[in-house]
There are 2 protein chains.
Amino acid sequence: MLKATTEAILELGLHALTFDEVTRRSGVAKTTIYRHFPTKNALIVAALDGVTPVPITPDTGSLRQDLIEFLESVRPIFADPTVRKIMADVQSAALRDKELRTLQTKMLAGRAGPTLTIYERARERGELRDEIDYLTAVEIIEGPFIVRSLARPQALKDVDIEELVDRILVQLTP
Amino acid sequence: MLKATTEAILELGLHALTFDEVTRRSGVAKTTIYRHFPTKNALIVAALDGVTPVPITPDTGSLRQDLIEFLESVRPIFADPTVRKIMADVQSAALRDKELRTLQTKMLAGRAGPTLTIYERARERGELRDEIDYLTAVEIIEGPFIVRSLARPQALKDVDIEELVDRILVQLTP
DNA sequence: CTGTTACGCTACGACTTAGTAGCGAAATTC
DNA sequence: GAATTTCGCTACTAAGTCGTAGCGTAACAG
């Protein structure tokens, strides 16, 4: 039923989700759905909870290698039309709905986790400048992927990750 | 009437726009609206055409100064809740609707224009490496703003533009 | 002044959705 | 095996939306 909900969101959009549509797709009676999820937001949050994949958190002992492997694992996520649709829908809805803003915050936090861990380990090894703002650093890493996935997602496969990491490291290392 | 349409989109979201709502807000009869814009997409495209502000295209003779002034003019645009809502809505809708994908492409192209001009002038002055991929360069410039406006827009005002430009120039200049 | 065009208004019919009520069947619990 | 909880199904009201038709009126062009 949550699976049917997710599929409906993907096809029709988050805004066009209806209880009747979920009923049609899942075979579960509308009344039953209402019993579990009294509001549409509750249904949405339950369905999308844990949908977007969490990238790996490599631990090779080298910041450069960690970032490269991390970005390699991130690339297919941002290239995935499913993920892009969900994130775009949630972003749009979060600007007008408080509950969905919470959902979005959770999604973004989940995605920032691996990057923060990588930075933390690198900082302990002394590979990073101390005065780094970590949130900004996360933006620097994921930025090129996010921007490209918005504007020209078909070009995501052309990102030269090693070159990108080297350019970024210039900004972050002593 | 197009103004009322835009306001309705901002308040309710692009998806929740209805002819009846535009009728209520504008005072224009629904039949009249249908006469001008037979489909909802036509109404949306007409209303949003030229809504998002185009940043300035500075020409100071220096790439560094051009970029700084450009980003200063871009910052309030990305910080504007109106622009953020419209762009998020269009992004979301463009993933499922071909006509709105065209609208989005036009919006993005309009925004990339100034950056491309700045780069072109700098290249003629010999300030830029030749092998630069210009679209990538645009992403590099606007990336930090876009990413931050998505994840934590309230921190947009904290971006140190001069520092950002200097970091970027390291990547782009010979 | 007259013909034409554009607009406003009301009123539809068909459709979809939200949300609830009532009842019988199935599954679960003890 | 009996009791309780959960579920499926049908039906229903109220509301909103789409898209159109008919008719009267205002603006405008020649």
Side-chain angles (χ1 to χ4, degrees), chain A residues 1-51 85-86 88-104, chain B residues 1-51 85-86 88-104:
Chain A
M1 169 171 132
L2 291 180
K3 186 182 167 191
T5 303
T6 306
E7 289 172 0
I9 293 175
L10 283 175
E11 277 186 38
L12 312 171
L14 192 55
H15 51 278
L17 183 73
T18 65
F19 284 95
D20 287 302
E21 185 63 31
V22 177
T23 297
R24 273 188 289 271
R25 289 170 182 258
S26 67
V28 177
K30 184 163 69 161
T31 45
T32 305
I33 301 176
Y34 269 104
R35 276 191 270 262
H36 288 288
F37 310 101
T39 70
K40 209 180 284 187
N41 274 348
L43 178 60
I44 291 170
V45 169
L48 295 188
D49 190 47
V51 157
K85 280 179 190 162
I86 289 180
D89 281 4
V90 171
Q91 167 70 25
S92 164
L95 290 176
R96 292 189 191 76
D97 186 298
K98 198 178 168 186
E99 293 180 274
L100 296 182
R101 190 149 50 237
T102 304
L103 172 67
Q104 188 204 22
Chain B
M1 167 172 135
L2 293 179
K3 187 182 167 191
T5 303
T6 306
E7 289 172 359
I9 292 175
L10 283 175
E11 278 185 39
L12 312 172
L14 192 55
H15 51 278
L17 183 73
T18 65
F19 284 95
D20 287 300
E21 185 63 30
V22 176
T23 297
R24 273 189 290 270
R25 288 170 182 258
S26 66
V28 177
K30 185 164 69 163
T31 45
T32 306
I33 301 176
Y34 269 104
R35 276 191 272 262
H36 288 289
F37 311 101
T39 71
K40 209 179 284 187
N41 274 349
L43 178 60
I44 291 170
V45 170
L48 295 188
D49 190 47
V51 157
K85 279 179 191 163
I86 288 180
D89 281 5
V90 171
Q91 167 69 27
S92 163
L95 291 176
R96 291 188 191 79
D97 186 296
K98 197 179 170 186
E99 292 181 273
L100 296 182
R101 190 149 51 236
T102 305
L103 172 67
Q104 188 205 21

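Proteins get letters first, then strands, A, B, ... in listed order; numbering begins at 1 in each.
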Mind listing the closest non-hydrogen atom pair of A:A46 and A:F37 along with its distance?
CB-CE2, 3.5 Å

Nearest-nucleotide 5' precedence on DNA chain D, A:K30 against A:H36
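It is A:H36 whose nearest nucleotide is closer to the 5' end.
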
Pairwise 5' ranking along DNA chain D for B:D20 and A:V28, keeping only the more 5' one
A:V28

Test side chain to side chain contact (heavy atoms under 4.5 Å, CB included) on A:E21 and A:E11; report intermediate values, then the result.
CA-CA 11 Å; A:E21 185 63 31; A:E11 277 186 38; over 6 Å; no

Side-chain donor or acceptor of B:T31 under 3.5 Å from a matching atom on the base of C:dC7?
no

Check if the side chain of B:T18 and the base of D:dC18 share a donor-acceptor pair of N or O atoms closer than 3.5 Å.
no

Distance, rounded to the nearest Å, where [X] contributes [atom1] and [N] contributes [atom2]:
X: A:M1; N: D:dT6; atom1: CE; atom2: C1'; value: 13 Å
X: A:L43; N: C:dT17; atom1: CG; atom2: C1'; value: 15 Å
X: B:F37; N: C:dC7; atom1: CZ; atom2: C1'; value: 14 Å
X: A:F19; N: D:dC7; atom1: CZ; atom2: P; value: 15 Å
X: A:I33; N: D:dC9; atom1: CD1; atom2: P; value: 11 Å
X: A:R24; N: C:dT17; atom1: CZ; atom2: P; value: 5 Å
X: A:N41; N: C:dA18; atom1: CG; atom2: P; value: 12 Å

When we call it a touch if two heavy atoms are under 4.0 Å apart, what does A:K40 touch: a base, just sugar-phosphate, or nothing?
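Sugar-phosphate contact only.
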
Just checking A:Y34: base, sugar-phosphate only, or nothing, at a heavy-atom cut-off of under 4.0 Å?
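The residue A:Y34 makes base contact.
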
Nearest to the A:R35 side chain among D:dG8, D:dT17, D:dT20, which nucleotide is it?
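Looking only at heavy atoms from C-beta outward on A:R35, the closest nucleotide is D:dG8.
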
Is there a donor-acceptor pair closer than 3.5 Å between any side-chain N or O of [X] and the backbone N or O of [Y]?
X: A:K30; Y: A:F19; answer: no
X: B:S92; Y: B:A88; answer: no
X: B:D89; Y: B:L14; answer: yes

